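Reviewing the structure listed below.
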Protein chains: 2
Amino acid sequence: MTASNAFDKGGIIQQRNLVDQVADYLTQAIISQYYTPGERLSEVQLARDLGVSRAPVREAARLLESRGLLVSQPRRGFFVRALDAAELNDIFDLRLCLERHALARLVETYDAEKEAALRSQVELMCEVALHDNDSRKIEEDLVFHRMVISFSGNQRLLKAYDDITHELRLCIALIGKTHADPDSISTSHWPLLDALASGDPDQCREAIDYHIGVAQHYVVKGIGEAL
Amino acid sequence: MTASNAFDKGGIIQQRNLVDQVADYLTQAIISQYYTPGERLSEVQLARDLGVSRAPVREAARLLESRGLLVSQPRRGFFVRALDAAELNDIFDLRLCLERHALARLVETYDAEKEAALRSQVELMCEVALHDNDSRKIEEDLVFHRMVISFSGNQRLLKAYDDITHELRLCIALIGKTHADPDSISTSHWPLLDALASGDPDQCREAIDYHIGVAQHYVVKGIGEAL
DNA sequence: CGATTGGCGACTGTCGACAGTTTTCCGAAG
DNA sequence: CTTCGGAAAACTGTCGACAGTCGCCAATCG
């Protein structure tokens, strides 16, 4: 369910829900910075460009608003969300909160199968870091962390994580470059697996605190430079 | 209290969005169990009852869906969300995660002003527990916990908490009775303030773990009996 | 020359309608 | 009496249209 069918903006689309298709298009357009943060989106123009009526556009915009990608002002329409450094820090603080909790739950039920899945994902990330583009690297990184949350067994926790993931994607493109080279991936993800394998909650917490802290520092610094 | 004349939707106040008004009506109708969990909501019938067209109803339903009060099935419409015990446990687990984090952040910036605000809220809750009805007691309880989260300083954390609050309201009415008598409020909330005043993170965590654990046990047991 | 106001254009909020699909209901067959 | 099937009813997805509102720009006044 990732960005496999990235840009199908033409008028060919007719099979799935128009709302979902418009939402996918808008999501891709926003996180790829085709629309700049703070930009106003006109319903009629969007409807014209996509060859649909305004109703699906409005509902898709509402959906993206609930995901934090758009903000709406009454009688004025929708605007691309512009994150500032404070909001970004809050998001990373919440992410830390969620991942800490997920790890604490996961160590209690950790087994060989889960370890193998996480291990192969990290290996995939290292492989991807050598060949593919930045957005692909970031997606695989998010997949890894989503696996961790998912393995914790709490579906509601996973939903909360997915919510902030959308907002994270919103600002990642702003930074432009990623530090997702094989070295940094190895040094920042293997300790997480080691901590899980050790079964020590404190070690897990220490590992995730460091991991999130590095990412937060990098992203917030990048946003500061981009603004 | 039928749908058509439930609120003063008449000609007096027309300046607000119809979407928000419909959303408020639906929220009240759902958490007051006017609509039963799992019930299908017809857009046309809702539009007829409320005297509006389907467009505002659809957008309001989308909004409630993002808040977890409704679920939608393609081509089938919207249904009132029915929570089972597993989902409820997940919600409380996430709530524990959020409140732990909020307390950990709050102890670092705790001051006399915040303490006074929380203290007066607990006193209000004890007062309310003597005179008012159950829903009022629950609302004041939620206000207290929302204050704690808000005082943590993380706006995004507050939003995540508000999200699960909507879902909590969804099942509270199912239980019918609350254990929010003055005694249980005192014994379960004062220790939280004491822990905050002590400035000890471990004591805070212990207090919130016990507090949420009691509430979770009570609510999940209530749901088990209600189903 | 700057501030204010009026008009014009564009846009959102809302509505009713149509087409395709799902559900329901009723009769017939086993 | 139960089950199957088809037609009708109801519903959702989508569309185009209209009215009220907001923002912009120009014309006017101090």
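Small disclaimer: the values here were computed from a predicted structure and weren't measured. These values consider heavy atoms only, across backbone and side chains, with no hydrogens, waters or symmetry-generated copies. First the proteins, then the strands, lettered A, B, ... as listed; each starts at 1.
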Check: Nearest-Å distance, CG (A/D20) to C1' (D/dT12)?
Finding: 14 Å
Margin query: Considering only residues two or more places apart or on different chains, which pairs with a residue in residues 142-155 of chain B satisfy salt bridge (charged side-chain N to carboxylate O under 4.0 Å, His left out)?
Written below: B/R146-B/D162
Item checked: Sequence neighbours excluded - ring-ring contact (aromatic ring centres under 6.0 Å, His included) pairs with any residue from residues 133-177 of chain B -> B/F144-B/H189, B/H145-B/H189, B/H145-B/H211
Notebook entry, point to check: For A/R54 and D/dG16, what is the distance between atoms CZ and C1' respectively, to the nearest whole Å?
Noted result: 10 Å
Notebook entry, point to check: Between D/dG16 atom C1' and A/E43 atom CD, what is the distance in whole Å?
Noted result: 14 Å
Check: Among D/dC11, C/dC15, C/dC18, which is the nearest nucleotide to the side chain of B/Q45?
Finding: D/dC11
Next item on the list: Tell me which residues in residues 61-70 of chain B put a heavy atom below 4.0 Å from DNA chain C, sorted by number, or none.
Entry: none
Next item on the list: Sequence neighbours left out, what passes salt bridge (Lys or Arg N to Asp or Glu O under 4.0 Å) with A/R58? Give chain and number order.
Entry: A/E43, B/E59
Item checked: Selection from C/dC11, C/dG13, C/dT14 that lies nearest to any side-chain heavy atom of B/S53 -> C/dT14
Notebook entry, point to check: Can you list every salt bridge (charged side-chain N to carboxylate O under 4.0 Å, His left out) pair that touches residues 147-161 of chain B, not counting sequence neighbours?
Noted result: A/E167-B/R156, B/K159-B/D163
Item checked: Whole-Å distance separating the CG atom of B/L50 from the P atom of C/dT14 -> 13 Å
Item checked: Nearest-0.5 Å distance, CD of residue A/Q45 to CG of residue A/L50 -> 10.5 Å
Notebook entry, point to check: At under 4.0 Å between heavy atoms, what does A/L46 touch on the DNA or RNA strands: base, sugar-phosphate, or nothing?
Noted result: nothing
Heteroatom pairs (N/O) under 3.5 angstrom, protein to nucleotides 19-23 of chain C:
unit_1, atom_1, unit_2, atom_2, d
C/dT23, OP1, B/R76, NE, 2.4
C/dT23, OP1, B/R76, NH2, 3.4

Note to self: Between P on C/dT12 and CZ on A/R48, what's the gap in Å once rounded to a whole number?
What the structure shows: 11 Å
Notebook entry, point to check: Do B/L18 and B/Q21 have side chains that get closer than 4.5 Å, going by heavy atoms?
Noted result: yes
Note to self: Between A/R58 and C/dG13, is there a contact of a side-chain N or O with OP1 or OP2 at under 4.0 Å?
What the structure shows: yes
Notebook entry, point to check: D/dT14, D/dT12, C/dG13: which one has an atom nearest the side-chain heavy atoms of B/S42?
Noted result: D/dT12
Next item on the list: Quick one: which residue pairs count as a ring-ring contact (aromatic ring centres under 6.0 Å, His included) with a foot in residues 53-101 of chain B, not counting sequence neighbours?
Entry: none
Just distance, no hydrogens or angles: give the donor-acceptor pairs under 3.5 Å from side chains in residues 124-133 of chain A, sequence neighbours left out.
unit_1, atom_1, unit_2, atom_2, d
A/E127, OE2, A/H131, NE2, 3.3
A/N133, OD1, A/R136, N, 3.1

Next item on the list: Please state how far atom CD in A/E59 lies from atom P in D/dG13, giving the value in whole angstrom units.
Entry: 8 Å
Next item on the list: Nearest whole angstrom, please: distance from the P of C/dC11 to the CG of A/L41.
Entry: 12 Å
Next item on the list: Please identify each residue that fulfils salt bridge (Lys or Arg N to Asp or Glu O under 4.0 Å) with A/D90, with sequence neighbours left out.
Entry: none
Check: What is the distance from CG of A/N17 to C1' of D/dC11, rounded to the nearest Å?
Finding: 15 Å
